[in-house]
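Chain A is the first sequence line, chain B the second, and so forth, proteins listed ahead of strands; every chain is numbered from 1.
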Amino acid sequence: MTKVYNPKEIEKKWQEYWYANKVFETTEDDSRKKFYGLIEFPYPSGAGLHVGHIRAFSSMEVISRKRRLQGYNVLFPIGYDAFGLPTENYAIKTKQHPRIVTDNNIKKFETQLKAIGYSFDWDRTIDTTDEGYYKWTQWIFLQLFKKGLAYKSKTLVNFCPECKVVLANEESQNGVCDRCGSEVIQKEKDVWFLRIRNYADRLLEGLTDLDFLEKIKVEQQNWIGKSCGAEVEFTIKGGGKEYPLVVYTTRPDTIYGATFLVVSPEHPMIQSFAGSIGNFDEIRDYQQQAKLKKEFERVHLAKEKSGVRIDGITAVNPITGCDIPVFTADYVMMDYGTGAIMAVPAHDTRDYEFAKKYSLPIIEVIKGGDIEKEAYIAKDGGIMVNSGFLNGLSVPEAIDAMTAYMKKLGVGTPKTDFKMKDWAFNRQRYWGEPIPIINCPKCGQVPMDEKDLPLVLPKLEDFSPTDDASSPLSKVTEWVNTTCPVCGGPATRETDTMPQWAGSSWYYLRYMSPRDGEHVVNPEAYKYWGQVDWYNGGMEHVTRHLIYSRFWNMFLYDIGVVTNAEPYLRRSAQGLILGADGEKMSKSRNNVVNPDDVIKEYGADVLRLFTLFIGDYEKSAPWNPDAIKGCSRFLNKLWNLMDIIKEGDVADVNIDLCIKKVDDDFESLKFNTAIAQVMSTVNDIYQRGYVTKSEFKKLLIILNPIVPHITSEIYEIINGGAKIERQKWPSYDESKLAKDEVDIPVQLNGKLKGRITVSATASREDALEAVNKSTGILEGKNIIKVIYVEGKIINIVAR
RNA sequence: GCCGAAAUGGUGGAAUGGCAGACGCGACGGACUCAAAAUCCGUUGAUGGCAACAUCGUGUGGGUUCAAGUCCCACUUUCGGCACCA
């Protein structure tokens with residue numbers, strides 16, 4: 001009898017061995033194929049690791065360990081995305097410096113990660129708040145600035161009065177601050193933007209060849225939101241003046257049905273007709289109202305359309321020559337298209353609603369719907385009517401015909417637009433990368449000299465935010481005041497810092513050469529590691545981080561820093577672990593599971609096993625504390641196999657099938673079924689009563705990526721000290737996957753009636769013979785048809 | 001409103017169109033024990049039947065097929081994303 005399984009003891013032993021001997025350290029090695037596996041590096045919060053992290057990291061951990069056993073040279077790194085608000089807020093609350101808080105949190109994370117036995121190359125650890133790191137974040141920003149892709153612009157921004165910080169659109173969805181949940185207000189501010197819209201088309205097209213989960217592609221496509229249409233010029237007449245008003249439409253085919261025109265309340269056209277507009281006071285009131293409405297109300301709460309007719313001006317339809325009235329309404333947004341639309345109520349739901357409310361004419365130009373009841377969109381179906389030369393055409397034909405006609409007349413041009421907005425790239429907070437720009441009264445915005453990077457974040461005693469939405473850095477006059485690198489005159493530094501998305505937009509490159517002081521990424525290292533082979537992360541980051549980092553990589557490709565336009569070849573996503581109550585884990589719900597507690601009770605291997613066994617990896621699954629026992633029992637059973645090792649006939653246990661299943665399932669992230677297969681195989685082994693050493697070794701190796709401690713220990717014990725990580729991933733014998741004799745179901749008229757045992761390659765006649773012999777179901781029956789699928793089923797249709 | 005994913009026992013979840021419920025949890029019965037825990041063995045979709053067995057059963061209603069959880073059509077609900085995007 002061997003000693004009992006003691007996870008605490010063996011896990012400590014193996015972790016010490018791995019980390020002290022740097023077993024997972026990696027260097028470029030041309031003699032071996034490379035594999036670069038990436039996980040989203042964590043934000044080191046004070047709360048420490050969460051079981052969700054474990055699940056998120058475990059897929060690439062398993063794949064990386066498997067790849068090593070398969071002979072690959074594996075880069076599997078870890079780092080910390082450590083700039084950001086929570087740390088800063090916590091630091092303010094506890095009166096510590098964010099640097100101290102960050103360092104402590106990182107230490108805590110590292111201890112926890114090591115206690116789980118992850119096979120990271122710890123020597124490559126990076127930290128976005130490290131000067132040697134953010135030097136290069138700033139360097140990339142400078143290149144963007146020099147290429148005209150970073151600009152400052154006055155706009156209304158989402159401002160959180162609680163966090164006192166300007167938020168990106170994506171951080172203030174539904175008009176609520178992502179961080180604190182308070183209501184966001186609109187504030188005018190000078191803000192840095194990155195011209196990500198310039199890359200919209202390439203970001204969209206680049207998706208085609210990538211092995212990203214389909215739903216990730218779809219979300220990115222929706223986020224980018226490309227629409228193809230045309231800009232059409234209407235002429236506004238009033239008070240003897242003419243004004244060319246350009247509207248944006250995706251449906252030029254419906255122009256014969258345009259019965260009015262709507263401009264956004266902010267549209268400059270209104271002001272230019274100030275003198276000729278009869279109801280200008282009313283219009284001004286409406287503009288004021290629209291301005292007061294927060295974005296949230298305007299978009300989400302305004303169930304009913306509102307608007308005002310602009311008296312004294314009319315618009316001329318460039319195709320029909322007809323005069324139509326002009327309205328202003330806040331359902332038209334200034335920041336999309338041209339801020340003006342031609343309204344076709346018969347074929348657009350919003351225009352329909354507006355026309356009904358203000359009793360405007362509705363002209364049907366596409367047959368097929370019932371415009372008495374509702375607008376008929378008819379994107380793919382329907383035939384044009386009441387539309388001059390378009391009559392009789394289908395909608396797609398009419399779109400092409402009208403676009404060409406407008407172009408010929410010179411009143412319209414094809415135009416694509418994107419929903420995605422430029423990336424608001426700054427925060428008025430302390431704990432972020434300083435923006436390396438100097439404002440000179442003579443020379444304007446001047447980039448810092450690259451030689452002077454990093455621009456170090458000054459040590460600050462009081463870094464709490466200011467009430468006037470300016471950065472705490474503006475208080476450090478000795479830091480702010482500097483000289484202009486161009487003219488040498490007195491100048492001031494930019495005091496805003498970069499958003500948290502900055503550091504994470506290029507971290508996958510830094511891992512390739514984490515300590516290189518001369519390059520963003522060392523060219524030799526890049527040449528070897530190239531693209532990330534497989535990136536796993538959360539669905540919550542596929543529209544922001546994943547697009548932002550693809551954008552930065554494309555830019556670095558354009559300026560010759562990297563040689564691949566796309567950073568990630570494959571991207572998968574894990575499902576959330578929900579609380580035992582089926583709700584998302586959160587402190588406020590008090591349903592958070594701390595991995596330390598699980599390790600304490602069951603050990604790290606059980607934790608690793610359970611987070612992967614809990615359900616389909618790509619779907620969310622609730623944490624069931626009772627079910628952990630099953631995983632613990634299984635590891636005990638695995639351990640106790642040592643008591644029944646015996647050489648013998650290997651029949652009855654299909655180890656080849658098990659290897660194949662595990663091999664395939666790992667590659668498609670079906671860890672739950674891979675584990676189930678191994679459990680079944682172990683059950684079969686106990687049923688048989690003994691395990692052969694060769695079977696046992698194979699089992700240990702295929703399980704090693706998931707439960708490395710116990711498998712390392714058993715392997716060492718049964719093989720006189722041999723190390724499992726030096727072994728080869730087992731192959732399986734194709735010919736042994738299928739059995740020679742099979743038990744197949746017998747159906748009569750599609751209903752299960754019994755089973756027969758036949759050779760896997762038995763003929764139809766043999767199978768039918770076997771049915772006759774072993775069952776009496778065919779007696780007195782008239783056979784009409786026999787369906788026989790070799791090795792699968794026999795179904796007899798009979799009366 | 002638009003786009004996407006999903007719905008299977010008491011429960012988490014398995015099923016290239018071919019035995020629905022693998023594997024795990026729980027429950028029940030038994031062994032071991034003074035007892036409990038741990039462990040081991042057995043049972044466990046529902047209904048009827050002593051039983052062999054029969055009937056029903058994968059959100060709802062239709063359809064295709066020798067055969068449907070799986071494919072097609074029409075719905076319902078839940079979750080995620082986008083959203084007066086012209």
Side-chain angles (χ1 to χ4, degrees), chain A residues 4 173-174 214-227 229-230 247-251 254 262 264 298-306 329-333 335-344 347-351 353-354 377 417-421 539-540 542-543 575-576 578 580 582 584 609-610 613-616 618-631 633-634 636-637 640 670 672-683 686 743-755 784-789 791-798:
Chain A
V4 293
Q173 292 186 358
N174 300 332
E214 198 50 38
K215 64 175 172 179
I216 294 178
K217 289 190 181 185
V218 169
E219 279 197 22
Q220 291 211 349
Q221 282 157 2
N222 286 343
W223 183 266
I224 295 168
K226 182 174 180 167
S227 77
V247 304
Y248 178 69
T249 179
T250 55
R251 297 297 299 277
T254 61
V262 188
S264 148
R298 194 164 155 180
V299 176
H300 300 270
L301 299 180
K303 293 267 187 282
E304 195 164 304
K305 301 271 175 294
S306 71
D330 64 6
Y331 79 89
V332 175
M333 305 289 151
D335 59 2
Y336 187 78
T338 60
I341 61 157
M342 64 174 203
V344 184
H347 306 290
D348 181 283
T349 45
R350 294 150 306 184
D351 299 344
E353 204 184 311
F354 194 81
I377 310 301
D417 206 347
F418 299 94
K419 289 179 197 171
M420 182 171 68
K421 307 209 162 67
M539 282 307 290
E540 69 277 18
V542 307
T543 47
L576 291 174
L578 306 173
K584 205 168 157 177
L609 184 65
F610 184 62
F613 185 60
I614 196 166
D616 186 328
E618 293 177 335
K619 291 184 196 138
S620 51
W623 181 269
N624 176 358
D626 292 329
I628 306 171
K629 282 183 208 148
C631 290
R633 281 177 195 151
F634 170 68
N636 268 300
K637 276 170 113 176
N640 293 334
K670 303 286 180 209
N672 54 336
T673 49
I675 294 164
Q677 178 65 51
V678 181
M679 287 175 169
S680 271
T681 304
V682 170
N683 289 345
Y686 273 104
D743 221 22
I744 64 168
V746 178
Q747 293 183 341
L748 181 63
N749 297 326
K751 287 197 172 165
L752 184 69
K753 289 292 167 186
R755 328 182 48 83
I784 296 165
K785 196 173 173 186
V786 176
I787 293 104
Y788 171 61
V789 183
K792 284 276 188 209
I793 199 165
I794 181 162
N795 184 15
I796 296 148
V797 186

Note to self: Check this one for me: any side-chain N or O of A:Lys419 less than 4.0 Å away from OP1 or OP2 of B:rC3?
What the structure shows: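 So the side-chain polar atoms of A:Lys419 never come under 4.0 Å of the phosphate oxygens OP1 or OP2 of B:rC3.
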Note to self: With a 4.0 Å limit, can you tell me whether A:Ser227 has a side-chain N or O closer than that to the phosphate oxygens OP1/OP2 of B:rA86?
What the structure shows: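 A:Ser227 to B:rA86 OP1/OP2: side-chain N or O found under 4.0 Å.
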Give the rounded distance in Å between these two atoms: [atom1] of [X] and [atom2] of [N].
X        : N      : atom1 : atom2 : result
A:Lys619 : B:rA6  : NZ    : P     : 6 Å
A:Trp223 : B:rC3  : CH2   : P     : 20 Å
A:Gln221 : B:rC2  : CD    : C1'   : 14 Å
A:Ile614 : B:rA14 : CD1   : P     : 12 Å
A:Ile341 : B:rC85 : CD1   : C1'   : 11 Å
A:Lys215 : B:rA5  : NZ    : C1'   : 7 Å
A:Met539 : B:rC3  : CE    : C1'   : 12 Å
A:Tyr331 : B:rA83 : OH    : C1'   : 16 Å

Please give the distance between the [atom1] atoms of [N] and [M] as a whole number of Å.
N      : M      : atom1 : value
B:rC66 : B:rG61 : P     : 24 Å
B:rA67 : B:rC19 : C1'   : 12 Å
B:rA14 : B:rC71 : P     : 16 Å
B:rU76 : B:rU39 : P     : 49 Å
B:rG45 : B:rA20 : C1'   : 10 Å
B:rU55 : B:rA74 : C1'   : 29 Å
B:rC40 : B:rU33 : C1'   : 13 Å
B:rU70 : B:rC53 : P     : 28 Å

Checklist line | Minimum heavy-atom distance between A:Gly337 and A:Asp417, given as atom pair plus value | finding: N-OD2, 3.0 Å
Measure the spacing between [atom1] of [X] and [atom2] of [Y] and express it to the nearest 0.5 Å.
X        : Y        : atom1 : atom2 : answer
A:Glu618 : A:Met539 : CD    : CE    : 9.5 Å
A:Lys419 : A:Ile224 : NZ    : CD1   : 11.5 Å
A:Lys753 : A:Asn795 : NZ    : CG    : 11.5 Å
A:Thr349 : A:Ile377 : OG1   : CD1   : 5.0 Å
A:Arg251 : A:Asp348 : CZ    : CG    : 9.0 Å
A:Asn749 : A:Ile784 : CG    : CD1   : 7.5 Å

Check: Of all the choices, B:rC66, B:rC84, B:rG13, which nucleotide is nearest to the side chain of A:Met333 once you look at every atom?
Finding: B:rC84
Note to self: Can you identify which nucleotide, out of B:rA54, B:rC3, B:rA14, has its nearest atom closest to the A:Asn222 side chain?
What the structure shows: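 So the nucleotide nearest the side chain must be B:rC3.
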Notebook entry, point to check: When the ring planes of A:Tyr248 and A:Tyr336 are compared, do they come out parallel, tilted or perpendicular, using 30° and 60° as the limits?
Noted result: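 Answer is perpendicular, since the angle exceeds 60°.
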Check: With syn defined as a glycosidic torsion within 90 degrees of 0 and anti otherwise, which applies to B:rG9?
Finding: syn
Next item on the list: Please confirm whether A:Lys305 makes a cation-pi placement over A:Phe354, using NZ or CZ under 6.0 Å from the six-membered ring centre and within 45° of the ring normal.
Entry: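 Judged by the rule, A:Lys305 and A:Phe354 form no cation-pi pair.
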Check: Heavy atoms under 4.0 Å, any strand shown: does A:Thr349 hit a base, just sugar-phosphate, or nothing?
Finding: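 A:Thr349: no heavy atom of the nucleic acid under 4.0 Å.
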Next item on the list: Under 4.0 Å between any heavy atoms, over every strand shown, what does A:Asn636 touch: base, sugar-phosphate, or nothing? Just pick one.
Entry: nothing
Next item on the list: List the protein contact pattern of nucleotides 15-30 of chain B with one symbol per nucleotide (5' to 3'): B for base contact, S for sugar-phosphate-only contact, - for none; contact means a heavy-atom distance under 4.0 Å.
Entry: -B-BB--BBSSS----
Check: Using Watson-Crick and G-U wobble pairs whose two distances are both under 3.5 Å, how do you write the pairing of RNA chain B as dot-bracket, with | for links to another strand?
Finding: (((((((..(((.....[....)))((((((.......))))))((((....))))..(((((..]....))))))))))))....
Item checked: Test item: A:Tyr331 side-chain N/O and A:Val262 main-chain N/O as donor-acceptor pair under 3.5 Å -> no
Notebook entry, point to check: Taking the nucleotide of RNA chain B with the closest heavy atom to each, which residue, A:Glu219 or A:Tyr336, is nearer the 5' end?
Noted result: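 Its nearest nucleotide being more 5', the pick is A:Glu219.
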Check: Residues two or more places apart in sequence or in another chain: which of them pass salt bridge (Lys or Arg N to Asp or Glu O under 4.0 Å) with A:Lys584?
Finding: none
